[in-house]
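One structure is given here, and the rest of the page talks about it.
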Amino acid sequence: MASYPFRKIERKWQKFWKENDIYKVEDDFSKKKYYILDMFPYPSGAGLHIGHPEGYTATDIIARYKKMCGYNVLHPMGFDAFGLPTERYCMVKGIHPIEATRKNIEVFTNQLNMLGFAYDWSRAVNTTDPSYYKWTQWMFLLIYNSWFDEEQNRARHIDELPIPASLTDRVEIEKYKDEHRLAYIAMIPVNWCEELGTVLANEECDEWREKGYAVERKPMRQWMLKITKYAQRLLEDLELVEWPHSTKEMQKNWIGRSEGADVQFTIQNFDENICVFTTRPDTICGATYLVLAPEHQLVEKIRTAEQKSFIEEYKKKAALKSDLERTELSKEKTGVFTGSYAINPATKQPIPIWIADYVLAHYGTGAIMAVPAHDERDWDFAKQFSLPIVKVVEQEGNNWDIEKAAFPEDGISVNSTFDEFSISGLQTVEAKEKTILWLEEKVIGQRKIQYKLRDWLFSRQRYWGEPIPIMFFEDGTKRALETDELPLLLPDVNEFKPAETGESPLAKVPEWVNFIDKKTGRKARFETNTMPQWAGSCWYYLRYADPRNNEVFCDKEKESYWMQPDGVDLYVGGAEHAVLHLLYARFWHKVLFDYGYVSTLEPFKKLFHQGLILGADGRKMSKSLGNVINPDDVVEQHGADSLRLFEMFIGPLQDAKPWSETGIEGSNRFLNRTWRMIATEEGKLSPDVLDIPMTADQEFILHSTIKKVAEDIEGMHFNTAIAQMMIFANEFYKFEKKPREAIEKFVLCLAPFAPHIAEELWQLLGHSESVTLQKYPEFDEKKAVKSQIEMVVQVNSKIRGKFACELDLTQEEVETKAKEDKKIQSYLEGKQVKKVIFVKNKIINFIVV
RNA sequence: GCUCGGGUGGCGGAACAGGUAGACGCACAGGACUUAAAAUCCUGUGGGAGCAUAUCCCGUGUGGGUUCGAGUCCCACCCCGAGCACCA
């Protein structure tokens with residue numbers, strides 16, 4: 001027996017869907033909406049890999065199901081096409097990124113269509129399309145033209161920034177504004193990758209390092225976005241979304257909020273203060289030395305002449321080390337004494353000031369008060385350099401030996417009583433509180449909330465990205481483009497190699513660095529950096545709601561229809577974006593929210609990460625391991641429906657699971673069996689499908705299948721939904737005569753999973769309208785339950801017998817029946833029944849002695 | 001080191017809310033059809049004792065506990081995976 005003609009069927013229906021615009025999505029505001037989104041792909045030259053269809057099939061199933069349930073479903077697709085790989089590929093091959101991107105998108109589109117996804121391609125977005133990046137640039141300018149009002153806790157237009165009366169000079173006022181903008185230029189040490197010819201965000205470094213690229217620290221002029229202003233909102237609004245616990249944790253961790261205090265230490269013989277941040281102000285009396293990061297501004301000033309050479313040597317060594325080396329290689333603490341002393345404000349004792357690279361310049365104030373007794377790092381350092389360790393916190397009823405290890409936990413303060421300050425005897429929580437109040441009263445410190453999150457490095461020295469729409473004049477002033485001047489198009493060039501100066505390739509384009517600004521008539525040059533790949537994906541979900549609008553990035557009414565009340569209903573994509581994309585997009589969304597451009601606090605209500613599809617050997621697929629599966633081959637051999645079904649069947653969507661060649665054959669077998677159950681070898685409706693009533697058994701199988709499939713789609717348990725459909729097919733295959741009603745409803749259940757074969761079968765069953773436009777069948781709760789159940793009889797909690805009986809028998813009835821059983825009788829004989837446990841429709845348990 | 005997941009047959013995995021562990025699929029074995037093979041169909045399949053489709057014992061990483069009853073709840077430990085990692 002041959003396999004069902006999947007090639008013919010799949011081609012036929014894909015053509016039909018396209019020609020009849022079956023998946024067109026209308027903005028019908030009268031219908032209830034459902035917005036389901038995939039993380040859009042980066043259209044690489046390699047084409048779709050086997051992992052893509054996993055998440056896409058899952059969302060396709062839900063989208064089709066929701067549509068059958070009467071929702072107006074938005075399930076769009078697009079391409080995140082700016083980025084380094086394309087640009088690098090083009091440099092090597094000598095083709096233009098526009099051309100390469102066009103081709104890649106075409107290949108991806110064909111491959112996605114080959115899998116039978118229900119996309120409305122008229123809504124597709126492409127981040128490299130000028131009509132799209134016009135609005136990416138517009139959003140950058142919105143951020144640029146904003147300042148963050150701490151009181152109102154939101155972004156406001158820069159023109160509403162209160163200018164201090166003391167500033168009168170125009171240049172000074174501009175400078176003041178620039179300092180407050182949410183997008184600003186800074187000269188900072190960045191992660192420079194020579195080979196890529198660009199800088200990378202902190203978040204990106206590891207990825208490229210893993211690929212074998214060297215990344216070094218280098219100070220450069222860069223654009224930054226003040227995402228840190230949103231740290232608290234990004235943190236607390238995580239409460240509003242239904243995301244995987246681990247992803248929320250990762251974002252919390254990344255934002256890294258900690259509560260504590262800034263404390264000022266005076267320096268002996270100097271007029272300067274050193275400000276430190278600590279989360280344990282209660283341990284101030286145990287602060288026996290201070291440590292500055294080697295890069296700290298005051299180091300040069302306060303080091304003594306004798307220490308000069310040691311300090312300089314140490315600083316040089318520290319600068320050469322990357323962040324990675326500073327952390328991973330050096331569990332052994334290093335450092336140098338500056339020669340100077342600070343005064344501990346609580347004990348009034350002089351304490352030495354050191355520099356050490358275990359203190360990070362970019363966190364807190366770049367300086368710490370070291371409390372070796374209660375911090376492991378400080379303890380290691382103190383041991384290394386024989387600095388004093390003073391215990392100021394004790395654990396109740398336990399005499400901790402501070403010489404053996406630090407005690408970093410909460411406890412009760414001790415040795416903390418001095419002339420004007422005393423917290424001895426207080427619990428850590430109270431001690432912290434009292435210390436902060438004292439610091440604030442003495443004006444030598446204040447309560448402080450510190451975040452690990454840093455500003456977002458937003459510029460790249462690349463060609464293939466959105467140009468930053470800012471121009472600079474010869475006098476150093478600058479001008480942001482107006483909306484009517486957007487998009488600022490990328491120049492058409494043939495060379496994408498970076499300039500020798502480390503600047504972007506755009507710095508070599510004459511019309512970019514030397515032109516007369518039409519609006520002002522002044523000589524100007526454009527910013528030569530471009531935006532990072534993350535920019536376009538920060539807002540694409542909004543564009544799908546109104547993808548061709550040239551007046552605004554998204555019509556207000558359409559935004560509210562598709563996004564209300566909680567944003568995108570379901571967002572599916574890889575866990576690798578847990579911090580980067582998902583944090584950046586939330587940040588932009590919040591800026592848009594502050595201006596009323598979007599109506600929800602958060603963009604994505606529910607988030608789901610699909611797991612990796614591994615090679616058949618259980619290892620990650622990679623060319624070098626030779627375990628890569630190509631979706632084109634699989635579709636050719638087994639069909640798109642089999643591939644879709646198999647990827648959903650192998651295991652829970654969120655788990656990593658290995659590919660299996662025999663496994664996909666199993667999925668194919670199920671579809672073959674389904675085909676033969678309904679169709680003849682000639683592709684006609686089988687004569688066994690008849691207009692006859694169902695038996696009670698058949699009704700039970702059908703209704704429990706309708707129920708289980710619906711529930712499992714809603715719960716995203718596709719594997720068990722498919723298992724249930726297999727049960728249906730196995731059972732009905734055996735019935736000689738198949739009631740038409742059952743078969744039709746089954747085809748409707750199958751349709752979201754395997755749309756091609758479902759269309760064909762639906763047509764064979766005599767319907768002219770597409771199966772995708774049908775209603776999902778309803779089930780009768782009463783018919784979805786077995787009328788006969790198996791009652792388990794236990795004696796002393798061990799199973800000793802079973803009998804079939806009607807549903808909902810009483811304990812008495814069950815007891816009587818159980819005792820009729822010879823075997824049960826033998827177990828009860830001569831014993832005294834102490835207790836009987838009865839669980840309706842499940843078990844009866846006799847406890848005997 | 002810290003945080004979060006997770007350990008169930010030969011394999012991928014089921015098991016609602018503490019109540020028949022192993023659904024469904026793969027693989028394997030036997031049988032039917034066939035000249036033969038493939039495909040298809042039927043049957044079996046956690047381990048052990050046993051002639052047995054009689055019966056019994058053991059079984060969800062390990063050790064304890066709660067309960068009439070634990071894969072599921074509690075405590076301790078082991079292992080695997082992911083993320084963070086001198087963030088003061």
Side-chain angles (χ1 to χ4, degrees), chain A residues 1-3 244-250 252-254 256-258 260 276-280 283 287 291 323-324 326-328 330-331 333 356-360 362-371 374-378 380-381 408 450-454 575-576 578-579 609 611-612 616 618 645-646 649-652 654-667 669-670 672-673 676 711 717 719-727 729-730 733-734 789-802 823 834-848:
Chain A
M1 234 170 283
S3 172
H245 182 76
S246 60
T247 306
K248 283 193 189 182
E249 283 303 309
M250 277 163 70
K252 281 182 195 164
N253 216 292
W254 194 262
R257 178 191 155 106
S258 44
V276 306
F277 172 72
T278 179
T279 54
R280 290 295 299 270
T283 62
V291 190
D323 271 4
L324 203 77
R326 273 171 76 152
T327 56
E328 252 172 50
S330 53
K331 278 290 145 221
K333 297 277 185 291
D357 65 7
Y358 84 91
V359 173
L360 307 172
H362 56 71
Y363 182 75
T365 59
I368 61 155
M369 64 174 206
V371 185
H374 304 291
D375 181 284
E376 280 165 25
R377 298 151 300 180
D378 297 343
D380 289 344
F381 192 81
Q450 184 70 47
Y451 298 92
K452 278 203 279 188
L453 185 70
R454 288 195 259 166
E576 67 273 18
V579 274
H609 301 303
L612 275 182
L645 215 49
F646 176 62
F649 183 65
I650 23 175
Q654 67 275 15
D655 291 0
K657 25 196 188 270
W659 180 260
S660 160
E661 201 45 52
T662 51
I664 187 157
E665 282 165 21
S667 297
R669 211 168 290 159
F670 161 64
N672 272 325
R673 181 181 277 239
R676 288 196 308 271
E711 284 173 356
H717 308 298
N719 53 335
T720 46
I722 294 167
Q724 181 61 40
M725 290 190 282
M726 287 173 168
I727 291 171
N730 289 344
Y733 190 82
K734 287 180 208 163
I789 52 138
E790 209 172 41
M791 183 64 67
V792 172
V793 186
Q794 297 184 331
V795 180
N796 284 345
S797 305
K798 282 196 191 276
I799 298 160
R800 298 301 181 192
K802 299 168 188 181
K823 199 177 150 198
K834 224 173 69 184
K835 195 174 169 189
V836 179
I837 290 140
F838 175 69
V839 181
K840 203 166 120 185
N841 295 334
K842 289 236 164 85
I843 63 153
I844 183 147
N845 187 0
F846 298 96
I847 308 302
V848 300

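Predicted, not measured: the structure shown is a model, and the values here were computed from it. Convention: sequence-line order gives letters A, B, ...; per-chain numbering from 1. All values below come from the heavy atoms of this structure, side chains included, with hydrogens, waters and symmetry mates left out.
- Distance from the side chain of A/T720 is smallest to B/rA15 among B/rC86, B/rA15, B/rG5.
- Remark: A/R676 is in phosphate contact with B/rC41, judged by side-chain N or O atoms under 4.0 Å from OP1 or OP2.
- Taking the C1' atoms as reference points, B/rG9 lies 10 Å from B/rU60, given to the whole Å.
- Contacts of A/G256 with the nucleic acid, taken as non-hydrogen atoms under 4.0 Å apart, are absent.
- Regarding A/R257, its CZ atom lies at a distance of 12 Å from the P atom of B/rA88, rounded to whole Å.
- Between the P atoms of B/rC74 and B/rC80, the separation comes to 24 Å (whole Å).
- Every ring-ring contact (aromatic ring centres under 6.0 Å, His included) that A/F381 has, sequence neighbours left out, goes to A/Y289, A/W354, A/Y358, A/F385.
- For A/P658, whose side chain is taken as the heavy atoms from C-beta onward, the closest listed nucleotide among B/rG5, B/rG12, B/rA88 is B/rG12.
- Within the nucleic acid shown, A/Q794 comes within 4.0 Å of at least one base atom, counting heavy atoms only.
- Looking at the side chain of A/M726, the nearest of the listed nucleotides B/rC68, B/rG25, B/rC86 is B/rG25.
- Rounded to the nearest Å, the gap between the C1' atom of B/rG22 and that of B/rG10 is 14 Å.
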**Contact pattern, 5' to 3', of nucleotides 43-58 of chain B - B, S or - by protein heavy atom under 4.0 Å** = -------------SSS

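- Counting any heavy atom pair closer than 4.0 Å across all strands shown, A/E376 reaches no nucleic acid atom.
- Across all strands shown, B/rA49 forms a Watson-Crick or G-U wobble pair with B/rU55, both key distances being under 3.5 Å.
- The side chain of A/Y363 sits closest to B/rA88 out of B/rA88, B/rC24, B/rG12.
- Under the Watson-Crick or G-U wobble criterion, with both distances below 3.5 Å, B/rG63 is paired with B/rC75.
- Residue A/P652 is classed as a sugar-phosphate contact, given heavy-atom separations below 4.0 Å to backbone atoms only.
- Spacing between B/rG50 and B/rG1 at atom P, rounded to whole Å, works out to 49 Å.
- Nearest nucleotide to the side chain of A/S246, out of B/rA88, B/rC24, B/rC4: B/rC4.
- Here A/S667 lies out of heavy-atom contact (under 4.0 Å) with every strand.
- Here the straight-line distance linking atom CG of A/D378 with atom CE of A/M369 works out to 9.0 Å at 0.5 Å rounding.
- Nucleotides B/rU43 and B/rC56, compared at atom C1', are 26 Å apart to the nearest Å.
- In a base pair of the Watson-Crick type (N1 to N3 plus N6-O4 or O6-N4) or a G-U wobble (N1-O2 and O6-N3), with each distance short of 3.5 Å, B/rU40 is matched with B/rA32.
- Counting non-hydrogen atoms under 4.0 angstrom, A/I837 reaches a base of the nucleic acid.
- Taking the P atom of each, B/rU3 and B/rC77 are spaced 12 Å apart, rounded to whole Å.
- Rounded to whole Å, the distance from CG on A/N253 to P on B/rC2 is 14 Å.
- At B/rA27, one or more side-chain N or O atoms of A/R669 fall inside 4.0 Å of OP1 or OP2 (strictly under the cut-off).
- The gap from the C1' atom of B/rA27 to that of B/rU45 amounts to 11 Å, rounded to the nearest Å.
- Remark: B/rG83 base-pairs with B/rC2. Criterion, Watson-Crick or G-U wobble with two distances under 3.5 Å.
- Closest contact between the side chain of A/K802 and the listed nucleotides B/rA88, B/rU20, B/rC68 involves B/rU20.
- Within the 4.0 angstrom heavy-atom criterion, base atoms lie near A/I843.
- When distances are taken from the side chain of A/V359 to each of B/rC84, B/rC24, B/rA88, the shortest belongs to B/rA88.
- Taking 4.0 angstrom as the limit, A/N719 places a side-chain polar atom (N or O) nearer than this to OP1 or OP2 of B/rA14.
- Closest contact between the side chain of A/T662 and the listed nucleotides B/rU20, B/rC26, B/rG25 involves B/rC26.
- With both ends at atom P, the span from B/rG19 to B/rG13 equals 23 Å, rounded to whole Å.
- The listed nucleotides are B/rC86, B/rC24, B/rC41; the one nearest the side chain of A/N730 is B/rC24.
- A 4.5 Å side-chain heavy-atom check between A/K452 and A/N253 finds at least one atom pair inside the cut-off.
- Taking the side chain of A/R673 as heavy atoms from C-beta on, and the options B/rA27, B/rC41, B/rG25, the nearest nucleotide is B/rC41.
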